[in-house]
S.K.: 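The structure's right below; bear with me while I get my questions together.
In the text below, chain A, chain B and the rest are named by the order of the sequence lines, each starting its count at 1.
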Amino acid sequence: MLKVENLRVSYGDIEAVHGVSLEVGPGELVSVIGANGAGKTSLLGALMGWVPASGSIVFDGEEISSLAPHHRARRGIRIVPERARIFPQLSVRENLRAGVYGLKIGEESFRRRLDELYALFPILQERGGQLASTLSGGEQQQLAIARALVAEPRLLLVDEVSMGLMPKLVDEVFAVLRRLNREKGLPVLLVEQNARASLAISDRAYVLETGNLVLSGTAEELEHDARVREAYLGL
Amino acid sequence: MSYLVTLGIFISIHAIVACGLNVIVGYAGQISLGHAAFFGIGAYAAALLATRGDLSFWAALPLVLLITATAGLLLGLPSLRVREDFLAITTIGINFIVESLFLYVSFFGGALGIGNIPRIVLFGERLKGPTFLALCLFFLALALLISWGFTRSWAGLACFALRDDEGAAASMGVSPVRFKLLAFVLGTTFAGLGGALYAHHMRFVSASDFGFPVSVMLLSMVVLGGMGSLWGPVLGALILGVLPEIFRPLTEYRLLLYATLLLLMIRFQPGGLLGPGSLARKLFSFRRKGGEVS
């Protein structure tokens, strides 16, 4: 589904990601765990095309590393960005409508998708007409997830969704991602500081440290790995 | 009476041009400090087509709009690759270049400008005074209708999304270049329409009518009324059209007045008089309360 090889991200003279290779198979939920500044957001930014990067990114058999972000989006990649990045001056509903831009799905199936998402995130229906800037941090995070999901993506990138969410909601959101992945076979690449919660729902995981992938394996293997237990799970 | 009509004509023409600037600045979030250049391109195109081309206003209008749209496209393409402060400076540059072309190229009449522009004829009648005002108001209504339609369209939503967060919009499949350019071309076309009306009203155009201070005035109108709101540019044009008339003895201080107004707006009503969160909006929604929310 997604195959990344030797991906490098640099900002001027500083290289933030040093040749990362990873893979997300069809229907797989994969997480990349790492601390602050490990290069997680740079990695996802490079996959979306937000930050310039070198290396190869193959999505669905096609090399997409030279495509602009909007062309990657049209191939079915969606991202839940760090800090949500909702459209503050648009209403909640307009934010969701922007999520299906260019998809030609018709009003009826748009509404059906909305109903599904409202079932997951009832607050979004309640706040539908409100400006997105009036939402709390946690609500904005939910909106960002719904805005990505409403497009029914073929690959979902999720950047630190647990940040700024209250613990109860983190569990709920992760459960939602898990369910979508299981029921609809949606491939997910999850980038997280919260190792415990993300390993709990992942099939496989990678550990990113200062721009290098230092460890990889099934979620179960990593949960029992001594280094991961000490550094990320605090055990 | 005829004084009020003339004032009304200026206000409606400026409102049309400001509506165009609002599409660029308010809807798509791209700063432009050179909008007067396109106002001027429209006016000069209309003036040349009417005098040397011997075309009627109506025959020339589609050409005028096409010329300004093309100019908007050609000048927008390189400009919109830069952002924010750089875009502001680039558009100022465009304004000065266009103004000096009008001033120094003899084809455009040089320092003498272009005179003897005929009046607009409609149903065999030459429009002046109230009938010309009616025509201007008709075109203003049209500009507002198009603006409104734009805000309700996918293209409008794409522009709003770009304005709010370009990266996030792109990650949803919105092409930043395409929609910035679309907004720029639509906005400059409105300016061209205003320019054509201006040329046939003044019946004389010269380069200084479309200088940088005019761009500042147009941007002030949009900011004052409320960037991104439908009626904001109209209200802005009305206020900045009427105020200098009331304070005519203070003409010398006109630019000071604009600056003060802009600063006050930014300090107290950053969304403009009709923008979201403005006093007017709050009062209005307060009066509507009791019914449904939103």
S.K.: Which residue pairs pass the ring pair (Phe, Tyr, Trp, His ring centres under 6.0 Å) test when at least one of the two sits in residues 59-108 of chain A, sequence neighbours left out?
M.R.: A:Tyr101-B:Phe179
S.K.: Can you tell which part of A:Arg72 gets under 4.5 Å to a heavy atom of chain B, answering side chain, backbone, both or neither?
M.R.: neither
S.K.: Do we see a donor-acceptor contact under 3.5 Å between the side chains of A:Ser56 and A:Glu63?
M.R.: yes
S.K.: Could you check whether any side-chain heavy atom of B:Glu166 comes within less than 4.5 Å of a side-chain heavy atom of B:Lys180, counting everything from C-beta outward?
M.R.: yes
S.K.: So which of A:Arg85, A:Arg78, A:Arg74 has the largest heavy-atom pair count under 4.5 angstrom toward chain B?
M.R.: A:Arg85
S.K.: Find the distance between CZ (A:Phe174) and CG (A:Asn181) and round it off to the nearest 0.5 Å.
M.R.: 12.5 Å
S.K.: Is there side-chain contact between A:Leu189 and A:Leu44, with heavy atoms separated by less than 4.5 Å?
M.R.: yes
S.K.: Which atoms of A:Pro81 are under 4.5 Å from chain B, going by heavy atoms: the side chain, the backbone, both sets, or neither?
M.R.: neither
S.K.: Please flag which part of A:Ala98 lies under 4.5 Å from any non-hydrogen atom of chain B: side chain, backbone, both or neither.
M.R.: both
S.K.: Cationic tip of B:Arg178 within the cone over B:Trp154's six-membered ring, i.e. under 6.0 Å and within 45° of the normal?
M.R.: no
S.K.: Using only non-hydrogen atoms and a strict under-4.5 angstrom cutoff, which residues of residues 10-30 of chain B touch chain A?
M.R.: none
S.K.: I'd like to know if the side chain of A:Ser133 pairs up with that of A:Gln89 as donor and acceptor (distance under 3.5 Å, no hydrogens or angles considered).
M.R.: no
S.K.: Using heavy-atom distances under 4.5 Å, tell me whether A:Arg75 contacts chain B through its side chain, its backbone, both, or neither.
M.R.: neither
S.K.: Side chain, backbone, both or neither: which part of A:Leu103 has a non-hydrogen atom closer than 4.5 Å to chain B?
M.R.: neither
S.K.: Please examine the side chains of A:Val58 and A:Glu5, heavy atoms only from C-beta on, and report whether any two atoms are closer than 4.5 Å.
M.R.: no
S.K.: I'd like to know which of A:Pro88, A:Ala132, A:Ala151, A:Gly102 tops the heavy-atom pair count under 4.5 Å against chain B.
M.R.: A:Pro88
S.K.: Can A:Asp159 and A:Thr41 be counted as having a side-chain donor-acceptor contact under 3.5 angstrom?
M.R.: yes
